[in-house]
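Basis for what follows: all heavy atoms, side chains included, without hydrogens, waters or symmetry-related copies. Note that the coordinates shown come from a computational prediction; the quantities given were computed from them, not determined experimentally.
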Amino acid sequence: MMSPRSRWCVCGVMCSILLVSTAGAQVPRFGFWADPYEYGPSIAIKTRVVDLDNDGFLDILNPIGGPGSPGPRVYWNRGNGTFDSQHLPRPTIGPGYVGSSIPVGVGDVDGDGDLDLLIPQSMPWTVPGYPPLIYINDGARRFRCDSYHGFPVASMTCLGGELCDVDRDGDLDALLWVAIGQSRTLRLFLNDGAATFAEAPSGAVPQIVDSISFLAPIDVDGDRDQDLFVAVFAAYIGPAPSLLLVNDGSGRFSIGATYPPAWARHASTGDVTGDGLPDLFLACDLQDRLYINDGAGGLVEESARLPVRKTNPGGDRTAGSCLSDLDGDGDLDLVFTGWFAQSGMKGPQVWLNDGRGFFSVSPAGTIRGGNEYSWEDVAAADVDRDGDADLLGTLILGNSGAAALRVLPGLDRHARVPSSVARSENLTIDLEALGGRWVVPFVGAPASILWIPPIGAWGLDLVQAVPLPPVFFSDTLPRQSVLAVPNDPSLSGAVARVQSIHIATSGPEPRVRASNWLQFRVR
């Protein structure tokens, strides 16, 4: 019986390179091929992308819930941007109900170095509510939820939550927007440092009786404490202004500014102008808004920097957004999504920043597939550790009511293989790269993931990895490497991985970076 190295050497000498005759794509580029993350009839929740198990790879928190649900859902990253789904244990208290589109908080509430979860419990209007749940993380993919950790047990229907250190004492406090009739108000609970929360003294936050949709911490005045932008969807009788709450440094807030009513749904913060000050994009049913930090503690509307203005208010509704460097040029671009009845757009939309805070529509071909449905929300992060941004979010699959997590990897450096291949058949390795790069595919035995700075995360056995013929990308057209698998009975059931090394030859010396790795099995 051949050794694994011998097996893959036999395959390697039978490898050929093919050019795929498809249209070229622009950078940034994101691709979609398969969706293994459907999870049945339910409602999509705002997605959080964080490293929950401290392994260096970003996981996804998608806390779908409901009466009788098995609990919040976490997608654990396998180290290559694919995920294993797990329901966290049901809480031992309360119904554990999470309603539609509920933002949740993530942060280290007990000071042990790993990320815990603040999950509001939203009840139907006719049912008394319960305080939010705190899921305590042990750092090893296990959570416990066995008490209210200081939250009062009095009826409280929470419609969203966020964690941030408002009083600068080194621990994370909880901000909750809570239903009062048809409206919502903001309540602040202070952490004692051991994940026990108590409500802040009266007057710590202004009374807000409008329908809060999202809360964005932002140090707008540069005094190193967390101010709060409160995105307001509507008052009971119609649209209402959003608010900027200014922190005095001790966790007491006052209204610093109000902003025109816009049926606001979501807010994203980041420095879009490159001046070191945080700015804000406000996703709305009416015109989306861009607010630029004036350097004097204020946010000034400069929505003319956005390339597209809605002409039929209510026809297009922006639901989620994210500021991230999508094209690798060092500034923050914008990706957003929602329900676009007027324009007919589907899936995420990308606007590119010129570095000064002026945005343009990304060229056609930015999103390759995966945009046949409207997305409920969107996030951008490098989940496969290949050095470029990936897009992910939740959506409802047509009229079925089934929700799905969708992941669109970035295509600056990417490889893709089928999950299995039969003996005597060809294994097709799809390769994506930027122009001017040499790409060297490798095949080899699986191994524990090794982080090799600055190359990236390597998932193949270093001794047994066998290089295949290199491919030069003169443009961004995808290529294929075809690997002929011998009809060798000893290969049945063998598992191997494929990964590529990308070498940029321009500049004073070659720059080397690894793609994602993917695994396949021989049938």
Side-chain angles (χ1 to χ4, degrees), residues 20 22-38 44 46-47 49 58 60 81-83 266 268 281 283 288 306-308 310 316-329 331-353 359-384 386-398 403-416 430-435 473 475-479 515-516:
V20 180
T22 58
Q26 301 291 332
V27 176
R29 301 170 302 139
F30 305 92
F32 172 78
W33 294 280
D35 190 357
Y37 305 118
E38 296 180 23
K46 299 296 183 184
T47 301
V49 186
L58 295 172
I60 300 172
T82 65
F83 299 87
H266 190 268
S268 296
F281 173 80
D288 296 323
L306 302 176
V308 176
K310 297 170 185 172
D316 283 356
R317 296 177 293 165
T318 306
S321 62
C322 179
L323 288 167
S324 180
D325 183 7
L326 302 179
D327 53 6
D329 63 354
D331 55 46
L332 294 180
D333 308 301
L334 175 68
V335 57
F336 64 95
T337 191
W339 310 281
F340 306 119
Q342 173 193 345
S343 62
M345 297 184 298
K346 301 287 187 181
Q349 309 299 313
V350 173
W351 290 348
L352 299 178
N353 190 348
F359 292 83
S360 60
V361 177
S362 185
T366 294
I367 308 293
R368 184 188 301 172
N371 54 357
E372 71 275 25
Y373 299 111
S374 295
W375 289 36
E376 300 285 332
D377 70 326
V378 67
D382 184 10
V383 295
D384 54 11
D386 64 352
D388 57 28
D390 310 302
L391 301 182
L392 55 146
T394 50
L395 66 158
I396 303 296
L397 299 174
L405 169 70
R406 182 145 291 179
V407 179
L408 277 64
L411 301 181
D412 285 359
R413 291 166 289 271
H414 198 72
R416 181 172 63 97
D430 293 306
L431 301 174
E432 302 275 358
L434 298 174
F473 281 72
D475 49 38
T476 58
L477 287 171
R479 271 73 166 174
S515 76
N516 64 313

Partners meeting side-chain hydrogen bond (donor to acceptor under 3.5 Å, both in side chains) with S268 (sequence neighbours left out)
S321
Quick one: does D377's side chain have a donor or acceptor within less than 3.5 Å of a partner on T47's backbone?
yes
So R413 and D388, do their side chains get closer than 4.5 Å, heavy atoms only?
yes
Of all heavy-atom pairs linking G435 and T476, the shortest is N-CG2, 3.8 Å
Taking every non-hydrogen atom, the tightest pair across P348 and I367:
O-CG1, 3.9 Å
Closest contact, heavy atoms only, S374 versus W339:
CB-CD1, 3.8 Å
Rounded to the nearest 0.5 Å, how far does CG of N371 lie from CG of L408?
7.5 Å
Closest heavy-atom pair and its distance - G393, W375
N-CZ3, 3.5 Å
Within this structure, what is the CG-CG distance for the pair L392 and L405, rounded to the nearest 0.5 Å?
6.5 Å
Are E432 and P478 close enough that some pair of their side-chain heavy atoms sits under 4.5 Å apart?
yes
Under a 4.5 Å cut-off applied to non-hydrogen side-chain atoms, are V361 and W351 in contact?
yes
Mind checking whether F281 and F336 have parallel, tilted or perpendicular rings, split at 30° and 60°?
tilted
Roughly how far apart are Q349 CD and D316 CG, rounded to 0.5 Å?
9.5 Å
Does the side chain of D390 reach to within under 4.5 Å of the side chain of D382, using non-hydrogen atoms?
yes
Heavy atoms, side chains only, cut-off 4.5 Å: are E376 and T337 in contact?
no
So L352 and P28, do their side chains get closer than 4.5 Å, heavy atoms only?
yes
From CD1 (I60) to CZ (F83), nearest 0.5 Å
3.5 Å
Could you state the interatomic distance from NE2 (H266) to SG (C322), rounded to the nearest 0.5 Å?
8.0 Å
Measuring from atom CG of L434 to atom CG of D412, what distance do you get when rounded to the nearest 0.5 angstrom?
4.0 Å
D333 and D325, any side-chain heavy atoms less than 4.5 Å apart:
yes
Looking at every heavy atom in both R479 and L477, which two are closest together, and how far apart are they?
NH1-O, 2.6 Å
Nearest heavy atoms of A415 and N516, plus distance in Å
N-OD1, 2.8 Å
Pair D384, V407 - check side-chain contact (heavy atoms from CB on, under 4.5 Å), show working.
CA-CA 10 Å; D384 54 11; V407 179; over 6 Å; no
Do L326 and T366 have side chains that get closer than 4.5 Å, going by heavy atoms?
no
